[in-house]
Structures are given as C-alpha cells and as structure tokens.
Amino acid sequence: MTAEPIARVLIDSPLPQLDRLLEYRIPESLDGDARPGVRLVVPLRTGGRQAKGYLVDRVAEASFGGQLAEISEVVSTARVLTPEVYRLARRAADRAAGTASDLLRLAVPPRQVRIEKAWLGALDAAGRTGPALTPAEIAVAEGAPAPALDSDTIAVLRDPTAAAGDRRIALTAPQRLVEAGHGEWLPAGLMTLVGLAARTVAGGRSAIIAVPDYRDLDLVAAAAALVLPGEAIARVDAGRGAGERYRGFLRALEKRPALVIGTRTAVTAPAHRLGLIALWDDGDPLHAEQHAPGVHARDLALLRHDDAACGLILAAHSPSADTQRLVEIGYLRTVTPARSARRRIRPTTRAVGADEPGARARIPSIAWRAASEALATGPVLLQVARPGFDPRIVCADCGEAVRCRVCAGPVGVRRAGAAPSCRWCGAIAPAAPCTRCAGTRRRASTPGSVRTADELGRAFPGARVIVSDADHAHQQVEPGRTIVVATRGAEPIVAGGYRAVLLLDAERMLARDGLRVVDDCLRWWQNAAALAADDAPVLLVGVDGPVAQALATGTADELIAAELADRRRLRFPPAVRSATVTGTAPEVRAALEPVLALDGVDALGPVDTADGQVRAIVRLDYARGVDVAHELRAAVVAAATARAQRRRSTLRVRFDDPTAFDAALDE
DNA sequence: AGCACGCCGACT
DNA sequence: GTCGGCGTGCTC
C-alpha cells in the first residue's frame, strides 16, 4: 500500500454540477503511472460510464464519506496539467461563474499520440528533452534590444525579490518601427517584449508573450529566433495545426525555461519557473476569449502574475481603458514616452479639391498632396474602414449619435421598420435631446459610401496598388512607389516605415456606436501611425473634436483617462464589471433576485432577444465580484438541476463580455 | 448528460 | 397485487 492511494480528479465535463474534485482509489497496478497532472479515464456512476479527467493530486485519506470507485486507466504518463495551470483555471472559473474544465479545454490542447510518444521517449530523468542554454546563447539573449525600457526597469522586472507592485508595468510603446536584424522590422514595443523575454529566459526563467493575432505572432517569432535558439522557443498557437500546437505545449511543459509565444491562450500555457508575462495591445478585441467562460487574456495574465509573482507588462501604442483603470488604482505603474516623443497625427479637413486626381476617390487636397509627395520616396498607407451596415439613429441637425434618456446607451432600430429602442436597457423610443446641439429631429445614419481600391489607386497615377484586408492580409510590403490600401488592423509592415499614412475613414470609424469607440479609434489610428517612418506625415482625414485634438497634441493618454472618468460616472465598464445573464424570463428573474440584493450591484434590462429569450446586464463593483459570481453560479447549477419545465436549462452567464454594451442585442 | 431511484394509474 | 410512467437528483 502506498502513502497516498487516493486520487483527486477533475472530470472533463462542462456540467457545472461536476465542477469539483472527485476522489478515486488508485489500484496497485496504476500506482506508478498515476502521478499528478496525467490524463485519466474514471468510472462515473454505475453502468460502465467512463469519463475523461485529470489527476489533480494524490492524498492519503479520502474526504468523501461514501464508497470510492477505482481509476480505470491512466491515458499516458505525460503530466499535462501543472499545479499552476490548475490553480489558474480554478480561480478564473470562480471569478467568471464558469467551470475549471471549460478553461482547461482551452489551456491543455487535445492529445496528439504520435507527438506525445516521441516527446516522452526523448524526455530525460530531469524532465527535459535537451540542454539548457550555452554561455554563448545566454550572451546573445542578454544583448537582445528592448528599446522602450531603461535598464533599471528591466532589472526590476527580472528581479524576483523586488516588490510585486514595482514589477507590474503598463507600457505605452513608442510609435516607431525597429529593425530586429536580417531585414526584419517590427514595432519597437513588440521588440521590447521580445528583448525582455529573451533576458528572462537567459536568466533561467520562462517568459510568456501573448499577442492579438497571427501577424503579430509571426513578427514576434521572427524577432525571437534572432536572439534565442529554436529549442528555447515554444510556440503554442493553433495556427499551424494541432500537432505543432501540441509540440509547442509539450516544450513549454519541460523543466527548462522557454519563451512561450502565442495568441491569447498562451497566457494559460505551462511554464517552468515563470518569470515574465507580457501582453501586447490588450485593448484588441482578439484578446477576449470567445469560448466559455470567456475570460479575457488580460484577466488571466493578472491572475497568473498574482499566483507566480512574476513580472507583468501590458504594452500597447494606445493603452486600453482597462489598463488605465489599473494604473489609476495604483496596481500598475506606467512607463510612458515623453509627450514630445509621441507621434503627432494631424487632423485635416474633408474639403476635396475639385481638379485633382484625388477628388474622384474623395481624398481631401491636403492629404492627397502629402501622399503624392511622399510616394516619390516610398510606400504610402491608406487606412480604410471595413464595409458594414450601421443601423443607428443620429441627430438630423448635427449627425451626433443619439443616446438613451434612461441609461445613455445607443439608440437604434433592431430591424427595418421597428421602433427605435435602446440597445443596452431596451427602452422603446427613449431618445434624449442631442448631447451636442440639443436638437430633437432624428434620422437613420447612412453607412457612407465605400471607396474601392480601384478608385483609390487611380487617385495616384503610376503607383502600384496593394490591397490588404482581413481575408487577404499582407505581412510585409517591399519598398517602392506603392499605395497600400488596408483595412484597420490589416496594415502590412514596410521596412523603415511608410513615407505617409492617411487615415481615410476616420469619420465612419468614430461614428460607429458601442462603448469603446474612442478606445478603438485611438488604438486603430495610433497602431497605424506606428508603422510610419519617423518623419513621415500621419493625417487624420475629416475628423475634429476631442479625439483629433488629443492625437494632434500627443495627449491620447489623457483622453483615455477622461473616457474612464465618464464611464465611472455612468457606471459602465471598465469602471464596473458586468455579467450578461441570458435565458427564459423566469430563469433570469430567479438568477437576478439574489444579486440585486447586494450593495454595489444593479442591472440593465431584462430585454427580449430575437430568439424569444431575455437578457439582462448586471453591473457590479469590482469588490462584489466574488459574491456575484457565487450567486450566479448557484443559479446556473439550480437551473441545470431543476428540470421542472421538462426543457433543458437555457440560463447562461457571461462575465465582462466586452461586447455586452455594444449594439449586439439584436439577434 | 445519462442513469437510477421513487411514488401514482391500468394490467394479468 | 405489480409493471412502468417520467419527475427528481446524483455522479467519488
């Protein structure tokens, strides 16, 4: 008999009733293989039902009073669930009223038998498949450029004995490109993260870098490959197939430091002696997880930092309102370039010259002349909006979006012919007088005509035209007389930077509704500006007002602070947390009742949704998070268990959905 | 989810 | 008397 014959097991099941540790006896025959972290098969109830699960840990005595069943099978000896990742899943699930196994489904990739067998075969007694870095490799990694941070800040971030508060940084990255070597150009902020991470690995600790999309990831991978050996890099994204993903995951699992790079799920990867966790552009919606329970990569990074006491850096050209909040409560300290070093984005009028080739494409004269001139020396970027329908109601006099008189939410029509209603609280025809001109006449907004690449290209005779959008994104463009037409977020990189950048659809982007319009526009435009050569003009076409002013004077950070102050006044995220509760009217009513009794909690709605259900948005102070999650979780379990109404439960809870307050309540 | 347990109507 | 209906509850 061994000392710890009881296995505590997490069943791989989305059922909230099963989201706890069940105890099983470990038979003598499996004693050696049944180590913490392995995948298991266990019986669940009688009748030969078998469930998959993870062995979380082993204990000497069972706390369960009843008869224990035995583990059926140890799937493999690979210990894929580390204690750190389990704790992360548990805490994140509790915070979001979800299940740990839902989180682990994202954190632990599906098993690939061939790859796992090869890896297990190569694993030595120390839990590694290869050597640590050589002194020469360490020297290269220690010399990796980290242009946006001074050596003191880097030293503190690397120092495990430094005060935790000093090791949490919000970096507003300088808006310029740097050359990593071998003709690889990337934003200075991304290079900084790679440089920081390379030093961390050189010092014997792992680092995680999570970026929004694959284009950023390719830049990071290329830069990392110049400063670290391939063996020290674990790429954990799903973009190159399940096999490569699992290979990267297993590399991260080894007992030697790695630079773990990937998209949002990288923050949940295993890491040997985690020393740094870095997020790039945390305001990008791609960092918001789509799968249940929908925990944002930023929140996972914060939890991970708290657990591992590692360095934490949230870096972006344009800080998110969430980062701003963390700065204001004193949780993050800022590293910001001097205002004089911020890139100026010049607003220009929308007045179009009549006799220029730019007129047909409705490019204002000043912008067209700047672009034509710049084209002689290299590529020019024209950033455009994605096409899309926008069913908002605006002031007929000045065009400002109309707000709800009840909650200040956007007012729109759900479908053609319907009465205008508030997208957030559901009030019918609630429009308040225009906030800009006090007018009361209304009209539907028009989406604005979409320019074609052809039109834009013809405005610049003799130039090569390259189109880059989400479907056909170009990573890089060669120097030359080239017009690059790109939708926001899909702008290619040019070595040395664009010679001019025109932000053409600024008016349409700013007129979109949604809670984060200002944050998004600042992010899109400052990210594009960061791709320009140092002295190249960046022109914001056809927009004035506070956003344009902030960009012109290099005070975007102050504008985000003002934006956050507004949200605080209105009780909107990220000043408060939110929980979207969807289901049948009685289910939602029952779920809301106990949480609305708590201080610092209120709700918008419920409103009817298109599929006959109702939706309410609970708003809660951060301090109420534990209580509200606990109550809503109890409501989900109750709804799943009590099947009084013969139908399976439809109650859903989603915390901190970034789109909750946007115009997505229809459909 | 499944599957067993449990307390009320029509069958040999 | 008892076979079986599905509402209710549990899964180590």
Side-chain angles (χ1 to χ4, degrees), chain A residues 1-76 79-81 83 86-87 89-90 93-94 96-106 108 110-111 291-294 582-587 589-591 594 613 630-654:
Chain A
M1 216 36 190
T2 55
E4 292 178 326
I6 309 298
R8 299 205 300 161
V9 175
L10 184 76
I11 304 290
D12 181 12
S13 156
L15 295 175
Q17 310 93 299
L18 289 178
D19 184 28
R20 61 207 161 101
L21 297 180
L22 302 184
E23 294 172 330
Y24 290 86
R25 269 182 299 116
I26 300 169
E28 207 72 39
S29 59
L30 298 180
D31 184 56
D33 286 347
R35 305 178 70 197
V38 297
R39 296 181 214 260
L40 297 173
V41 175
V42 293
L44 192 58
R45 193 85 175 201
T46 50
R49 264 176 79 206
Q50 300 280 290
K52 292 178 180 178
Y54 298 98
L55 199 167
V56 170
D57 57 13
R58 294 177 60 150
V59 291
E61 282 182 47
S63 62
F64 181 64
Q67 180 71 33
L68 297 192
E70 272 189 352
I71 289 171
S72 309
E73 188 188 331
V74 173
V75 174
S76 94
R79 300 168 66 179
V80 293
L81 178 60
Y86 173 70
R87 286 197 298 272
R90 182 69 276 157
D94 290 344
T99 68
S101 83
D102 275 344
L103 267 137
L104 291 183
R105 202 160 304 121
L106 300 167
V108 183
R111 180 169 179 245
H291 298 97
T582 326
T584 63
E587 280 173 338
R589 208 180 315 118
Q613 296 203 314
H630 183 261
E631 292 292 351
L632 289 179
R633 172 85 205 224
V636 170
V637 174
T641 307
R643 275 194 273 157
Q645 59 268 54
R646 179 73 193 88
R647 291 253 305 275
R648 66 167 173 239
S649 165
T650 55
L651 187 66
R652 298 280 177 276
V653 173
R654 166 127 196 236

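In the text below, chain A, chain B and the rest are named by the order of the sequence lines, each starting its count at 1.
- Salt-bridge check for A:Arg79 with A:Asp33: failed, with every basic side-chain N at 4.0 Å or more from each acidic carboxylate O.
- The distance from atom CD1 of A:Ile71 to atom P of C:dT11 is 18 Å, rounded to the nearest whole Å.
- Scanning for salt bridge (charged side-chain N to carboxylate O under 4.0 Å, His left out) contacts around A:Glu73 gives an empty result, with sequence neighbours left out.
- Residue A:Arg20 is in base contact, counting any heavy-atom pair closer than 4.0 Å across all strands shown.
- The residue A:Gln17 sits close to a base: some heavy atom pair falls under 4.0 Å.
- Using a 4.0 Å heavy-atom distance criterion, A:Leu15 is classed as a base contact.
- Judged by distance alone with a 3.5 Å cut-off, a donor-acceptor contact links the side chain of A:Arg45 to the base of C:dC10.
- No option in A:Leu30, A:Val75, A:Val80, A:Val74 other than A:Val74 meets the side-chain contact (heavy atoms from CB on, under 4.5 Å) test with A:Val38.
- Taking atom OH on A:Tyr24 and atom P on C:dC12, their separation rounds to 5 Å, with Å as the unit.
- The heavy-atom pair separating A:Pro594 from A:Ala591 by the smallest distance is CD-O, 3.5 Å.
- The salt bridge (charged side-chain N to carboxylate O under 4.0 Å, His left out) pairs that include a residue from residues 55-66 of chain A are A:Arg8-A:Asp57, A:Asp31-A:Arg58, where partners are two or more places apart or lie in different chains.
- A:Glu70 places its CD atom 13 Å from the P atom of C:dC12, with the value rounded to the nearest Å.
- Atom CD in A:Gln50 sits about 13 Å away from atom C1' in C:dT11, given to the nearest Å.
- The distance between atom CG of A:Leu44 and atom P of B:dA1, rounded to the nearest whole Å, is 14 Å.
- The separation between A:Glu23 atom CD and C:dT11 atom P is 12 Å, rounded to whole Å.
- Within 4.0 Å (heavy atoms only), A:Pro14 reaches no atom of the nucleic acid at all.
- A:Phe64 comes within 4.0 angstrom of a nucleotide base, judged by non-hydrogen atoms across all strands.
- Protein atom CG of A:Leu68 is 13 Å distant from nucleotide atom C1' of C:dT11, rounded to whole Å.
- If you measure from atom CZ of A:Arg49 to atom C1' of C:dC12, you get 13 Å, rounded to the nearest angstrom.
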